[in-house]
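Okay, so here's the structure we're looking at.
Only a predicted model underlies this, so the values are computations on that prediction, with no experimental measurement involved.
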There are 2 protein chains.
Amino acid sequence: MPDVKNDALPGQRPDQMPEPDRLGAELSDAVVLFHEAIGSLMGLSAADHKALGILGREGPMSAGELAERTALTAGAVTGLVDRLERAGLAGRERDPGDRRRLVVTASRPGDPRVAEAFAGLGAAMAEVTAHFSPDQLAAIAEWVALTSEALRAQAAAIAARREA
Amino acid sequence: MPDVKNDALPGQRPDQMPEPDRLGAELSDAVVLFHEAIGSLMGLSAADHKALGILGREGPMSAGELAERTALTAGAVTGLVDRLERAGLAGRERDPGDRRRLVVTASRPGDPRVAEAFAGLGAAMAEVTAHFSPDQLAAIAEWVALTSEALRAQAAAIAARREA
DNA sequence: TGATATCTTTTAGTCTACTCAACCATTTAG
DNA sequence: CTAAATGGTTGAGTAGACTAAAAGATATCA
């Protein structure tokens, strides 16, 4: 069974890992690789990309909330949003209800190369899907959900231990 | 079926995505989150973490090769290896055959917290595995392999288009 | 209304990691 | 054996992004 745990474990080369771990490590690497490729295509640093991900996932939020979610200071968030805005990836709007507040919204990237990249991945994934029966796909979906949860929980545990 | 393509696509919120895409995005996010947690636990920047990943995956290599693989200059690699060495994550050795060359080797992290984190993930994943039959696990393993390949291919395509 | 609190931006200073170029050490070629 | 080439390090200078603190704008409360 696949498993992601060895991805960042140096000192053990892929060809020495048990098969399931190797697969997990490869998936993890591939995800990160794709992330990086998209990021560099957009001209974003990892931190900016992460912030954009938060915005995309959780929807528009105020600068202060974004600061909290990214663990940055308010000043740093101003610069962050500047960069995203300049790249055409996010927008600033004043909150009509409270005009001190700022609402930062992720906008769909206008860059056609980015759209193309996602379209390419979509097509490739459609092909992957075609290899499996509905039952198998259901199992895969469940595995993905459980694995995501496990990864999140571990990440949270690490962060918690870090605080202590 | 799961699909990773929307992960970095802002402008579409998770609750508006089709189910399979949402799952893929979540897995992708979770992988990245875990990566970051481990990285911060080791006190590594994203770039350092990436370099360590290359070393772990491809085995020991010379500083020059590492420079090429990371797209950094020679000087920057010196600093990079300094940091990794200081953190106890990599070692420098002179190549006995050509004593100008340096062989950089990733070493298993001595930090018990890192080992603990990986052990925790291993246990969690074992539990996930227990939910599935051997046939299902086989399908999952295949999906993971195919998806990794697709992600890698897309990342490579992006990089190639970028050069042009 | 005036005082105070909240949210963001600005400014000044710092830190880190990078590039480029000069510099050692070693190897290879003439 | 010297001259040129190769591999890595060192040092100067630079750029980007961060923090902290002051400032600006708006809101809330008495």
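B/Leu44 has its CG atom 10 Å from the P atom of C/dA17, to the nearest Å. Rounded to whole angstrom, the span from the CZ atom of B/Arg101 across to the C1' atom of D/dA5 amounts to 15 Å. Counting to the nearest Å, the C1' atom of D/dT9 and the CG atom of B/Leu66 are 15 Å from each other. If you measure from atom CD of A/Glu85 to atom C1' of C/dT9, you get 13 Å, rounded to the nearest angstrom. Protein atom CZ of B/Arg94 is 9 Å distant from nucleotide atom C1' of D/dT9, rounded to whole Å. Distance CD (A/Glu93) to C1' (C/dT8): 16 Å, rounded to an integer number of Å. If you take CD of A/Glu65 and C1' of C/dT6, they are 14 Å apart, rounded to a whole angstrom.
Proximity of a side-chain donor or acceptor of B/Ser107 to a complementary backbone N or O of B/Gly88 within less than 3.5 Å is detected.
End-to-end axis angle of the helix from C/dT1-D/dA30 to C/dG30-D/dC1, using five pairs per end and rounding to 10°, comes to 10°.
Under the rule for a side chain to side chain donor-acceptor pair (under 3.5 Å), B/Arg152 has no partner lying at least two apart in sequence or in another chain. Annotation: salt bridge (charged side-chain N to carboxylate O under 4.0 Å, His left out) contacts of A/Glu36 (sequence neighbours excluded): B/Lys50. For B/Arg94, there are no side chain to side chain donor-acceptor pair (under 3.5 Å) partners, not counting sequence neighbours. Contacts of B/Arg99 classified as side chain to side chain donor-acceptor pair (under 3.5 Å), with partners at least two apart in sequence or in another chain: none. A/Ala76 pairs by the side-chain contact (heavy atoms from CB on, under 4.5 Å) definition with A/Leu72, A/Thr73, not counting sequence neighbours. Under the side-chain contact (heavy atoms from CB on, under 4.5 Å) criterion, B/Ala46 pairs with A/Ala46, sequence neighbours left out. Every residue two or more places apart in sequence or in another chain that forms a side-chain contact (heavy atoms from CB on, under 4.5 Å) with B/Ala67 is listed here: B/Val77. For A/Arg101, the side-chain contact (heavy atoms from CB on, under 4.5 Å) criterion is met by A/Ser62, A/Glu65, A/Asp95, A/Asp98, not counting sequence neighbours. Partners of A/Arg92 according to the salt bridge (charged side-chain N to carboxylate O under 4.0 Å, His left out) rule, which considers only residues two or more places apart in sequence or in another chain, are A/Asp82, A/Glu85.
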For nucleotides 23-30 of chain C, print each protein N/O atom paired with a nucleotide N/O atom at under 3.5 Å, atom names and distance only.
{"from": "C/dT27", "atom 1": "OP1", "to": "B/Arg99", "atom 2": "N", "distance (Å)": "3.0"}

Using a cut-off of under 3.5 Å, enumerate the N/O to N/O pairs linking the protein to nucleotides 16-23 of chain D.
{"from": "D/dC18", "atom 1": "OP2", "to": "A/Arg83", "atom 2": "NH2", "distance (Å)": "3.4"}
{"from": "D/dT19", "atom 1": "OP2", "to": "A/Thr73", "atom 2": "N", "distance (Å)": "3.1"}
{"from": "D/dT19", "atom 1": "OP2", "to": "A/Thr73", "atom 2": "OG1", "distance (Å)": "2.6"}

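Note on B/Arg92: a side-chain N or O is less than 4.0 Å away from OP1 or OP2 of D/dT9.
Ring geometry, A/His49 versus A/His35: the interplanar angle falls from 30° to 60°, so the pair is classed tilted.
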